[in-house]
Amino acid sequence: MKNQNPQNINFFEKVYQVTREIPFGRVSSYGAIARYIGSPQAARMVGWALNKSFSQKEFVPAHRVVNKNGLLTGKKHFGASNIMRELLENENVIIKNDQILNFEDVFWDPYKELSL
DNA sequence: TTAGTGACTGTAG
DNA sequence: GCTACAGCCACTA
């Protein structure tokens with residue numbers, strides 16, 4: 001039974017929606033997105049959903065989602081290790097050793113920004 | 001149908 | 001401060 005009711009949006013779909021809301025030059029974390037959706041402990045699924053985002057029709061800025069430490073843990077899923085870094089650097093995000101230096105500066109919390 | 005896995009996080013020792 | 005473990009939901013074999 002795989003219901004795909006438009007009204008019943010999955011955890012999965014919510015991840016894409018929230019991720020697309022991330023503005024240019026900002027990044028968010030798996031946990032923040034998971035918390036906004038309602039399952040703070042399901043952060044793993046957020047990352048996994050973003051992995052699947054590559055096969056989505058609409059572009060999902062998965063490169064703007066990193067772990068809580070600002071570490072680019074998902075870079076390997078971009079095919080080349082430097083793609084995720086270059087995309088972020090293109091958005092004025094400073095990265096060194098696969099970690100965002102100004103993470104607190106560019107961090108975008110959906111729970112805070114969308115919920116208000 | 002069942003079991004295993006995954007781009008994480010928080011708590012406990 | 002570091003290591004270990006549990007929990008979360010959806011997909012694949």
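Just so we're on the same page: letters track the sequence lines, and every chain starts at 1.
Between the side chains of His63(A) and Glu86(A), no donor-acceptor pair is found at a separation under 3.5 Å.
The residue Ala49(A) sits apart from the nucleic acid: no heavy atom pair falls under 4.0 Å.
Atom-to-atom, CZ of Phe11(A) to P of dA10(C) comes out at 8 Å; the value is rounded to the nearest Å. In this entry the distance linking CG of Asp98(A) with C1' of dA7(B) reads 13 Å, nearest Å. Between the CD atom of Gln56(A) and the P atom of dC11(C) there is a distance of 11 Å, given to the nearest Å. If you measure from atom CG of Leu50(A) to atom P of dA7(B), you get 11 Å, rounded to the nearest angstrom. Regarding Tyr16(A), its OH atom lies at a distance of 11 Å from the C1' atom of dC11(C), rounded to whole Å. Rounding to whole angstrom units, CZ of residue Phe12(A) and C1' of dC9(C) are separated by 10 Å. Atom CH2 of Trp48(A) and atom C1' of dT5(B) are 10 Å apart (whole Å).
Screening residues 35-62 of chain A for salt bridge (charged side-chain N to carboxylate O under 4.0 Å, His left out) gives Arg20(A)-Glu58(A), Arg35(A)-Asp109(A) as the qualifying pairs, with residues at least two apart or on separate chains.
In this structure, Trp48(A) CH2 and Tyr30(A) OH are separated by 14.5 Å, a value rounded to the nearest 0.5 Å.
In this structure the side chain of Glu91(A) reaches within 4.5 angstrom of the side chain of Arg64(A), judged on heavy atoms. Annotation: side chain of Pro61(A) is in contact with side chain of Thr19(A) (closest heavy-atom distance under 4.5 Å). Residues Leu114(A) and Trp108(A) meet the side-chain proximity criterion, which asks for heavy atoms closer than 4.5 Å. Looking at Glu21(A) and Glu113(A), their side chains never come closer than 4.5 Å, going by heavy atoms from C-beta outward.
Of the residues in residues 78-86 of chain A, those placing a heavy atom less than 4.0 Å from an atom of DNA chain B are Phe78(A), in numerical order.
Clustering ILVMFWY residues whenever any of their side-chain heavy atoms sit less than 4.5 angstrom apart, transitively, puts Phe59(A) in a cluster other than the one holding Ile83(A).
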Run Lys75(A) and Asp98(A) through salt bridge (Lys or Arg N to Asp or Glu O under 4.0 Å) and show every step you take.
CA-CA 8 Å; Lys75(A) 61 169 183 167; Asp98(A) 298 328; 2.5 Å; yes
With the sugar-phosphate defined as primed atoms, P, OP1 and OP2, and the base as all remaining atoms, what B/S/- string results for nucleotides 8-13 of chain B, 5' to 3', for protein heavy atoms under 4.0 Å?
BSS---
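Using a 4.0 Å cut-off, some side-chain N or O of Lys52(A) falls inside it from OP1 or OP2 of dT12(C).
Nearest to the side-chain atoms of Ser39(A) among the listed nucleotides dA10(C), dC9(C), dA7(B) stands dC9(C).
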